[in-house]
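For the numbers below, each heavy atom of this structure counts, side chains included, while hydrogens, waters and symmetry mates do not. Note that the coordinates shown come from a computational prediction; the quantities given were computed from them, not determined experimentally. Residues: numbered from 1 along the sequence shown.
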Amino acid sequence: MLIDFFYTLRAAKLPVSVKEYLTLLEALQRQVIAPSLDEFYYLARLSLIKDEKHYDKFDQAFGAYFKGVQQIVDASGEVPLEWLKQRMQRELSPEDKARIQALGGLDKLMERLKQLFDEQKGRHEGGNKWIGTGGTSPFGNGGFNPEGIRIGGESNGNRTALKVWDQRTYRDYDDAVELGTRNIKVALRRLRKFAREGAAEELDLDDTIRSTAANAGWLDLKLVPERHNNVKVLMLLDVGGSMDDHIARTEELFSAAKSEFKHLEFYYFHNCVYDYLWRQNRRRHNERFETWDVLRKYPPDYKLIFVGDATMSPYEVLQAGGSVEYNNAEAGAVWLRRFIDRYPHHAWLNPEPEAIWQYRQSISVIRQLFAGRMYPITLAGLESAMRVLSK
């Protein structure tokens, strides 16, 4: 049963094992879910996939294997997806499209869709009323309506649907994609150093079992303090200039880091680190922190993370006076070397696509200073950086 599904997942290079496959079969045998493809999807993902980064590949493999099987189910009736497969794309002139009117918002669309589920008894293609393909109805796929709901199939390029059914949910978990805040948190959690702190309020099961056995069976509870991630992080963030193109991604990374690391210290710089840093950009000229003081304040057990696109004139890194803002006494490379020497666990996170790094001379210079420890802000890049910082 489902052996072809198992081999489909293996062909998609998903790390599914025979034991996990047998667990799925046992769950089906015990009828832990209703006979629904949606519920089977979640059960299969729970049983077979152990890492969130594989969700996207699982979605694709699942969709490829079960294509044409899925049903759109409503409490009052069932419309097989097979009815909705596109067999032609209807050509509509601009005048035709101009005459098509939306039904009046998402709530009204959903009400009308439920009504059609009750009324429609067969497959329909073309036309402007029923759920089908290649028409001007707000429901189905392959046609045109400026405010519709696409059900199954592919978009015809108009990109005007209010809601899309049959859309993959976990597209942003692929190793190569750029991340949202939640995905970044998943990657940052690989950088952990647990310590037990605070009051003893968490059950120590192993010690409780040993103590109870040694006490002739009388229950002897043993408690320990909760574990907390005790890793300490010093984060230096480039701001302004070319980094304006990466504000959203940098904010997501910063937000995730503040959430994940209890001991996080951060400072800002522009393009390259020189003789001072700051904590608030609106007060950068009034509240400055001497870089020497920052280096002395935080001990070498801190994990050092630079965040920046490293995109600037190479003179800003290599020469005294190279800063675009003022006449710095020492080259940026000198200050970067001081940070690298002070903190053995260091990495640079770059929001620029890795494919263009080779065309930026300043990126090459900084990568050389960091002995290659520059990583893109993708799931795979962050995981690599966290592994380096954890050593």
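Using a 4.5 Å cut-off on side-chain heavy atoms (C-beta onward), Val334 and Arg337 make no contact.
Hydrophobic clustering (ILVMFWY, side-chain heavy atoms < 4.5 Å, transitive): Tyr298 and Phe289 are in one cluster.
Around atom CD of Gln280, more than 12 heavy atoms belonging to other residues, nucleotides or ligands sit under 6.0 Å away. For Tyr7, the OH atom is loosely surrounded, since the number of other residues' heavy atoms within 6.0 Å does not exceed 12. By the 6.0 Å contact criterion, CD on Gln368 is open, its count of non-hydrogen atoms from other residues, nucleotides or ligands being 12 or less. The environment of Glu39 atom CD is dense: over 12 non-hydrogen atoms of other residues, nucleotides or ligands sit within 6.0 angstrom. Crowding of Lys258 atom NZ: a count of heavy atoms from other residues, nucleotides or ligands under 6.0 Å not exceeding 12. More than 12 heavy atoms of other shown residues, nucleotides or ligands fall within 6.0 angstrom of atom OH in Tyr326. Within 6.0 Å of atom CD in Glu287, more than 12 heavy atoms from other residues, nucleotides or ligands are found, so the atom counts as buried in its surroundings.
There is a side-chain donor-acceptor pair under 3.5 Å between Asp59 and Tyr41. Using modelled atom types, one finds no donor on one side chain facing an acceptor on the other under 3.5 Å when comparing Arg367 with Ser364.
Listed by chain and residue number, nothing satisfies the ring pair (Phe, Tyr, Trp, His ring centres under 6.0 Å) test with Tyr375 (two or more places apart in sequence, or in another chain). A search for salt bridge (charged side-chain N to carboxylate O under 4.0 Å, His left out) contacts involving Lys222 returns Asp220, not counting sequence neighbours.
Atom SG of Cys272 and atom CD1 of Ile366 lie 5.5 Å apart (nearest 0.5 Å). Separating the CG atom in Leu236 from the CG atom in Leu304 is a distance of 5.5 Å, to the nearest 0.5 Å. Residue Lys303 holds its NZ atom at 13.0 Å from NE2 of His263, rounded to the nearest 0.5 Å. Rounded to the nearest 0.5 angstrom, Phe62 CZ and Leu14 CG are separated by 12.5 Å. Between Met374 atom CE and Glu352 atom CD the span is 10.5 Å, to the nearest 0.5 Å.
At least one donor-acceptor pair closer than 3.5 Å links the side chain of Thr23 to the backbone N or O of Lys19. Although no hydrogens or angles enter the test, the distance criterion places a donor-acceptor pair under 3.5 Å between the side chain of Thr311 and the main chain of Asp309. For the pair Glu383 (side chain) and Ala380 (backbone), a donor-acceptor distance under 3.5 Å is absent. Between the Asn328 side chain and the Ala320 main chain, no donor and acceptor come within less than 3.5 Å of each other. Put simply, the side chain of Arg342 gets close to the backbone of Leu295: a donor and an acceptor are under 3.5 Å apart. A donor-acceptor pair is defined here as one N or O able to donate and one able to accept, closer than 3.5 Å; no such pair exists between the side chain of Ser362 and the backbone of Pro314. A donor-acceptor pair is defined here as one N or O able to donate and one able to accept, closer than 3.5 Å; no such pair exists between the side chain of Trp357 and the backbone of Pro376. Checking side-chain atoms of His346 against main-chain N and O of Tyr343 turns up a donor-acceptor pair under 3.5 Å. Under a 3.5 Å cut-off, the side chain of Glu316 and the backbone N or O of Ser313 do form a donor-acceptor pair.
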Step-by-step ring pair (Phe, Tyr, Trp, His ring centres under 6.0 Å) determination, Trp348 to Phe370: CA-CA 8 Å; Trp348 187 294; Phe370 275 71; 5.4 Å; yes

Side chain to side chain contact (heavy atoms under 4.5 Å, CB included) between Thr212 and Ile209, worked out: CA-CA 5 Å; Thr212 301; Ile209 293 173; 5.9 Å; no

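The aromatic rings of Phe58 and Phe5 sit perpendicular to each other, their planes meeting at more than 60°, with 30° as the lower class boundary.
Cation-pi geometry between Arg288 and Tyr276 is satisfied (NZ or CZ under 6.0 Å from the ring centre, within 45° of the ring normal). Cation-pi geometry between Arg279 and Tyr267 is met: the NZ or CZ atom falls under 6.0 Å from the ring centre, inside 45° of the normal.
Between Phe306 and Phe339, a ring centre-to-centre spacing shorter than 6.0 Å is recorded.
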